[in-house]
Amino acid sequence: MCEVIMESSIAHEIFSHACELIISVGDYVRGAAKSKICTESKECFADLVTEHDQNAEKMLVTNLTSKYPDHRFIAEEMNSDGVSCQFLDDPTWIIDPIDGTTNFVHGFPSYSISVGFYVKKEPVFGIVYDIDNDKMYSAIKGEGAFCNGRVIKCSTTADLKNALIGSEFGSQRDEVFLQFKIDSMSRVVRKCHGIRSTGSAALQICGVAAGYLDAYYEAGPHIWDFAAAQLIALEAGAVVSSLNGGPFDIRSRKILVACNSTIAGQLSPLIGDFELTYD
Ligand code: LIP
């Protein structure tokens with residue numbers, strides 16, 4: 001009997017508040033996309049941040065802190081100082097204010113607000129809002145996955161050779177790490193219909209949940225890039241694991257999401273593995 005981590009009516013009340021808040025922050029980001037965007041780089045020249053990432057995060061965290069003062073936060077900009085995230089049993093919001101910042105900066109229409117809500121380190125709900133396409137992907141644990149209120153299910157592709165895969169080169173430019181990614185993609189592309197790199201882990205994983213991708217894998221993203229989307233994929237019927245097919249560790253910065261265990265089993269040996277510092 002799985003333990004009830006939060007009473008359903010309370011989870012729904014918090015979920016509805018979060019959806020309204022995310023829509024209003026989405027309006028801010030959509031408006032900001034129309035103006036000239038100044039960027040700063042973080043770990044390297046390709047790892048970008050803008051004042052709009054910081055403002056959107058402040059809007060989310062300030063609002064949620066005033067409504068739920070005892071809740072905790074793990075968020076990209078407040079945690080990008082490299083100090084490891086404190087992931088405790090308390091009610092915790094895991095936030096990426098703009099997932100796909102490089103796309104946002106270039107006006108490439110694939111960036112999202114990603115908000116996961118966890119209690120006792122277990123997901124309660126996940127929301128990924130595709131700002132440019134006005135699509136809200138969501139799931140409450142045990143209640144299925146949705147896009148703008150419509151039920152979504154992952155695909156039933158049964159063989160990798162008929163599959164479309166999502167993966168990313170990411171924003172790190174460390175030579176050894178990049179070569180690992182190039183080699184794994186070169187092995188994978190030889191065995192499937194194709195690979196799509198659209199620059200947002202959260203939206204790629206929602207693509208698996210919605211069935212237009214059959215799997216997504218990446219080494220390098222952070223807990224805030226997939227905390228919400230991984231629950232949406234699970235509720236859509238997908239399997240979520242580490243790159244080597246082992247149990248998924250949300251702080252490991254490695255994820256493989258597949259429409260079923262057959263595709264995961266065919267894909268994982270081709271990907272290989274890479275040691276990364278935990279979040
Ligand atoms: C991005 C992820 C993407 C990864 C990039 C970056 P950001 O998140 O969504 O999957 O390849 O390196 O981490 O920085 O745009 O929030």
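When a ligand or atom number is given, it counts from 1 through the structure's own listing order. Residue indices begin at 1 and follow the sequence shown.
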For this session: Please determine if Lys121 and Asp89 form a salt bridge, counting it only when a charged side-chain N lies under 4.0 Å from a carboxylate O.
Result: yes
For this session: Please answer whether the main-chain N or O of Thr198 pairs with a side-chain N or O of Glu168 as donor and acceptor at a distance below 3.5 Å.
Result: yes
Pairs under 3.5 Å, nitrogen or oxygen of ligand 1 with protein nitrogen or oxygen:
| unit_1 | atom_1 | unit_2 | atom_2 | d |
| --- | --- | --- | --- | --- |
| ligand 1 | 8 (O) | Asp99 | OD1 | 3.0 |
| ligand 1 | 8 (O) | Asp225 | OD1 | 3.1 |
| ligand 1 | 9 (O) | Asp99 | OD1 | 2.7 |
| ligand 1 | 9 (O) | Asp99 | OD2 | 3.2 |
| ligand 1 | 9 (O) | Ala201 | N | 2.8 |
| ligand 1 | 10 (O) | Ala201 | N | 3.3 |
| ligand 1 | 10 (O) | Glu218 | OE1 | 2.8 |
| ligand 1 | 11 (O) | Glu218 | OE2 | 2.5 |
| ligand 1 | 12 (O) | Ser171 | N | 3.0 |
| ligand 1 | 12 (O) | Ser171 | OG | 3.0 |
| ligand 1 | 14 (O) | Glu76 | OE2 | 3.4 |
| ligand 1 | 15 (O) | Gly100 | N | 2.7 |
| ligand 1 | 15 (O) | Thr101 | N | 2.9 |
| ligand 1 | 16 (O) | Glu76 | OE1 | 2.9 |
| ligand 1 | 16 (O) | Asp96 | OD2 | 2.8 |
| ligand 1 | 16 (O) | Ile98 | O | 3.4 |
| ligand 1 | 16 (O) | Asp99 | OD1 | 3.2 |
| ligand 1 | 16 (O) | Asp225 | OD1 | 3.4 |

Exercise. Rounded to the nearest 0.5 Å, what separation is found between the CG atom of Asp225 and the CD atom of Glu218?
Worked result: 7.5 Å
Exercise. Do the side chain of Arg253 and the main chain of Gly220 share a donor and acceptor less than 3.5 angstrom apart?
Worked result: yes
Problem set entry | Arg251 with Asp249: basic N within carboxylate O range, under 4.0 Å | no
Problem set entry | Side-chain ion pair, Glu13 and Lys67, N-O less than 4.0 Å | yes
